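So the structure is just underneath, and the comments pick up after that.
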Protein chains: 2
Amino acid sequence: MPKHVDHDVRRAEIAEALVRVAGRRGLHAVGMRDVAAEAGVSLRLVQYYFQTKEKLLLHGLHHLARGFGERVTARVVAIGDDPGPRAVIEALLMAALPTDEESRRFHLLYTSYAVLAVTDESLAAQPFIDNPNAAEDTVAGLLQKAKDAGLTGPDVDARTEAISLLAMSAGLGTGVLVGQRGPESAADVLGHHLDRIFQDGRDG
Amino acid sequence: MPKHVDHDVRRAEIAEALVRVAGRRGLHAVGMRDVAAEAGVSLRLVQYYFQTKEKLLLHGLHHLARGFGERVTARVVAIGDDPGPRAVIEALLMAALPTDEESRRFHLLYTSYAVLAVTDESLAAQPFIDNPNAAEDTVAGLLQKAKDAGLTGPDVDARTEAISLLAMSAGLGTGVLVGQRGPESAADVLGHHLDRIFQDGRDG
DNA sequence: ACCATCATGGTACGGTCGTATCACCAAGGA
DNA sequence: TCCTTGGTGATACGACCGTACCATGATGGT
């Protein structure tokens, strides 16, 4: 067997190119030729590693989700050793806001994919259920831990507050994306609600 | 002058057709031929009343926003004479949730348009700033009135809570749209936060 | 050393999309 | 009455898109 190129690496490169060009011109406007040009390869190559556009888009979604997960993890790790639940939740929520180019791209494309998934049955809607649910479980778990440790008021419902915070983060993110408000304003609103939840305890 | 057809009526009919077919198959998937077929007219007619697709889409957005405004107004009016601020806010927020086919369509298409506006400079981003701002002002005004009347705790910030509620409503709406949660769950979460805001007062 | 095979390039094909063009009808003012 | 003009239909055009097909290096196992 000749040449032996790592297909996974190549596919990741092409998926990266898809995400880049889609972030610039919009997911609806990207064709396979655009992706090929962005990746610096020929159209045939894109066809070779992904047989069809549908598979390319699907892979792009997974690539996007994976990259975002890594981003969030990195943010959480970066806040230091044994941080309080509030710091972790804050890092989680802030990472989801479109503050820099990467998060902006993520928010735009993830929303585009979600919209596509509603009408196109070829694009599975499952990632848009599972991923948010996982995030919800994580935040709810952290809140419950905080509540058990007495860091929050006794009347907070961890699950409800987790849902609220994530929904707010998503909604505020869209507002930032379309230019309705700045990232600082969104962060302030989130911070206000974290203050409310953690008002009875102290945090590190 | 012959025939005398009311252009505004015709354009509204075609815009309605655009919204219907886009709600079914996704905004990205609709062409002028689809709109013509849905409206029961020829392609030429769509071209005649809207010269270009860009203008058709723009008119569709305005049509959508106007229809939604009327829907919200109707909901608010329907709750009876001189309702309390909480009831009005609740009606506002609930009307935005994708509960029936019409609100589902609105949420899907408005999100699609917003995503388009981010990358396509032809589609003005202004509606996605002005409309949310107007909603925000309305809710903030109602909250302030409630606070002045002693219906809320003295520590609630009307503007921040208005932003939060609308962002939550939008985020929850998306969650309902993609099937992550049911409309009842979203309504519960919103109700929980309204309870919190109005916890110190009584409402009618 | 050879050849099966992975990897890659170039290009053509069918379809669709937005838009433009040509033709026709109908009606009301001169 | 006739002719100007608004409304409508059918169809053509050029561009682009996703996909398929054909050709050809390059390479490693035997």
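Numbered from 1 within each chain, the chains take letters A, B, ... in sequence-line order. Only heavy atoms go into these numbers, but all of them, side chains included; no hydrogens, no water, no symmetry mates. Every value quoted in this text rests on a predicted model; they were computed, and no experiment measured them.
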B/Ser164 side chain to A/His193 side chain, donor-acceptor N/O pair below 3.5 angstrom: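 The criterion, which ignores hydrogens and geometry beyond distance, is satisfied for A/His193 and B/Ser164.
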Atom-pair distance ([atom1] on [X]; [atom2] on [N]), nearest Å:
| X | N | atom1 | atom2 | answer |
| --- | --- | --- | --- | --- |
| B/His28 | C/dC17 | NE2 | P | 12 Å |
| B/Arg33 | D/dT11 | CZ | P | 13 Å |
| B/Gln51 | C/dA20 | CD | C1' | 13 Å |
| B/Arg25 | C/dC17 | CZ | P | 9 Å |
| A/Tyr48 | C/dT11 | OH | P | 21 Å |
| A/Arg11 | C/dC6 | CZ | P | 16 Å |
| A/Gln47 | C/dA12 | CD | C1' | 12 Å |
| B/Tyr49 | C/dT19 | OH | C1' | 19 Å |

Sugar-phosphate, base or nothing in reach of B/Phe50, heavy atoms under 4.0 Å: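 Nothing, no nucleic acid heavy atom in range.
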Given [options], identify the nucleotide with an atom nearest to the side chain of [X].
| X | options | result |
| --- | --- | --- |
| B/Arg44 | C/dG18, D/dT8, D/dC17 | D/dT8 |
| A/Asp34 | C/dT8, D/dC17, D/dG18 | D/dC17 |
| B/Leu45 | C/dG9, D/dG9, C/dC17 | D/dG9 |

Spatial distance of atom OG1 (A/Thr160) from atom CD (A/Glu136) [nearest 0.5 Å]: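 The distance works out to 9.0 Å.
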Contact under 4.0 Å: [X] side-chain N or O vs [N] OP1/OP2:
| X | N | answer |
| --- | --- | --- |
| A/His7 | C/dC6 | no |
| A/Ser42 | C/dG10 | no |
| B/Arg10 | D/dG6 | no |
| B/Thr52 | C/dG18 | no |

Of B/Leu43 and B/Asp6, the one whose closest DNA chain D nucleotide lies more 5':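 The residue closer to the strand's 5' end, by nearest nucleotide, is B/Asp6.
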Which atom of B/Gly26 lies closest to which atom of B/Val30, heavy atoms considered: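 Shortest heavy-atom contact: O-CG1, 3.4 Å.
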A/Arg20 and A/Glu16 ion-paired at < 4.0 Å: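 Yes, this pair counts.
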Axial cation check for A/Phe106 ring with A/Arg71, 6.0 Å and 45° limits: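 The answer is no, since A/Arg71 fails at least one limit relative to A/Phe106.
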